[in-house]
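Residues take their numbers from the sequence shown, with the count starting at 1.
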Amino acid sequence: PQAFHFLATDLTFTQDDLFESSCIRNGLRRLMTRILKGRGFTALTIAIKSIKILRTGKVSCHGQGTTLFGPPVSFEVRTNIGFSSRGHILTFPGLELSISPSMGLYVPIPDVTVDLGHNAQLLDVAIDGQAATMRASAQVKITPYHTLQIKDYIQSGDSYGALCSVDVGRWLTQLGRFTD
């Protein structure tokens, strides 16, 4: 009945785990839409085709985007994963984008971050390129609506500390049906 912390430690994900997660695919699709739009490519649809963990320790996402003006365009994004600001800002150091991955030309994309919300905190993220796994630890505060002190408060987008934002605490509260 009260707010509580959900703690997950040493979770290990394979590249198949990452791809099979609709949450991760939907998040990547939304992030890719914002990245491509910021580079002058307005996509009508984005489809994530694969997620791979590379030997270099980066995560690679292959996909396809369609626009009003032509046939589908393939893309690949590859990046390391990190965090900052007490763990609630997800960072993508070394982020690179290729609109034609078969050509091997990658363009660096600076300063793409995602604010996970003030109730979420990444504690550790490590990518093992040799084993093709990602290990993570995180915690999130689950706050049932009836325990909120300020009625109808929603954190504004301007208060987030990143390019993109998602309130993981609110999402998990709704997912776990802690809203009554």
Side-chain angles (χ1 to χ4, degrees), residues 8 11-67 70 72-118 120-138 140 155 157-168 171:
L11 298 171
T12 301
F13 301 96
T14 66
Q15 49 196 13
D16 290 335
D17 294 332
L18 296 173
F19 182 72
E20 292 300 321
S21 168
S22 61
C23 177
I24 290 174
R25 278 197 327 274
N26 289 336
L28 280 172
R29 187 173 27 255
R30 289 178 63 198
L31 183 61
M32 284 308 308
T33 300
R34 291 192 75 158
I35 290 171
L36 291 172
K37 185 176 182 181
R39 303 310 176 268
F41 179 84
T42 302
L44 293 176
T45 61
I46 297 277
I48 305 300
K49 301 294 186 181
S50 70
I51 299 173
K52 302 289 181 197
I53 297 174
L54 306 176
R55 290 200 177 277
T56 60
K58 287 188 171 189
V59 175
S60 168
C61 172
H62 284 263
Q64 199 170 54
T66 59
T67 68
V73 176
S74 295
F75 66 85
E76 179 184 4
V77 173
R78 55 189 187 191
T79 186
N80 290 312
I81 298 176
F83 58 91
S84 65
S85 296
R86 79 155 188 81
H88 72 100
I89 304 286
L90 183 61
T91 63
F92 302 98
L95 180 68
E96 302 172 300
L97 169 67
S98 178
I99 297 298
S100 293
S102 60
M103 293 179 59
L105 177 63
Y106 290 85
V107 176
I109 305 294
D111 301 330
V112 175
T113 53
V114 177
D115 192 323
L116 301 175
H118 59 282
Q121 182 180 22
L122 287 168
L123 304 171
D124 184 40
V125 175
I127 299 171
D128 182 342
Q130 299 303 315
T133 58
M134 181 174 76
R135 187 181 46 76
S137 296
V140 65
Q155 187 172 354
D158 293 341
S159 66
Y160 287 93
L163 172 68
C164 306
S165 61
V166 59
D167 192 331
V168 174
W171 177 74

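- You'll find the side chain of Leu97 stays beyond 4.5 Å of the side chain of Leu95, heavy atoms only.
- Contact record, Leu28 with Cys61: CD1-SG, 4.1 Å, taken as the closest heavy-atom pair.
- When side chains are defined from C-beta on, Arg86 counts as touching Gln121, because their heavy atoms get closer than 4.5 Å.
- Once rounded to the nearest 0.5 Å, the distance linking CD1 of Ile48 with OG of Ser22 reads 13.0 Å.
- The shortest heavy-atom contact between Pro101 and Ser74 is CD-O, 3.8 Å.
- When all heavy atoms of Phe75 and Gln64 are compared, the closest pair comes out as CE2-N, 3.3 Å.
- Between Phe83 and Leu123, the closest side-chain pair of non-hydrogen atoms is not below 4.5 Å.
- Between the OG atom of Ser50 and the CD atom of Gln15 there is a distance of 8.5 Å, given to the nearest 0.5 Å.
- For the pair His88 and Ala120, the tightest heavy-atom approach, listed with the atom from each and the gap, is CB-O, 3.2 Å.
- Phe92 places none of its side-chain heavy atoms less than 4.5 Å from the side chain of Val77.
- Residue Asp17 comes nearest to Thr12 through the heavy atom pair OD2-O, 3.9 Å, listed as atom of the first residue, atom of the second, then distance.
- The CG atom of Leu11 lies 12.0 Å from the OG1 atom of Thr133; values are rounded to the nearest 0.5 Å.
- Atom CD of Glu20 and atom CD1 of Ile51 lie 9.5 Å apart (nearest 0.5 Å).
- Summarising the geometry of Thr91 relative to Ser84, their closest heavy-atom pair is CG2-OG, 3.8 Å, with the distance given to 0.1 Å.
- Distance CD1/Ile81 to CE/Met134: 5.0 Å, rounded to 0.5 Å.
- Not a single donor-acceptor pair under 3.5 Å links the side chain of Lys58 to the backbone N or O of Glu96.
- In this structure a side-chain-to-backbone donor-acceptor pair under 3.5 Å is present from Ser21 to Ile24.
- Rounding to the nearest 0.5 Å places NE2 of His62 at 12.5 Å from NZ of Lys49.
- Put simply, the residue from Val125, Thr113, Leu122 that forms a side-chain contact (heavy atoms from CB on, under 4.5 Å) with Leu90 is Leu122.
- Checked against Ile53 for a side-chain contact (heavy atoms from CB on, under 4.5 Å), the options Thr14, Asp128, Ile127 give a single hit: Ile127.
- Contact check for Ser60 versus Glu76: side-chain heavy atoms found under the 4.5 Å cut-off.
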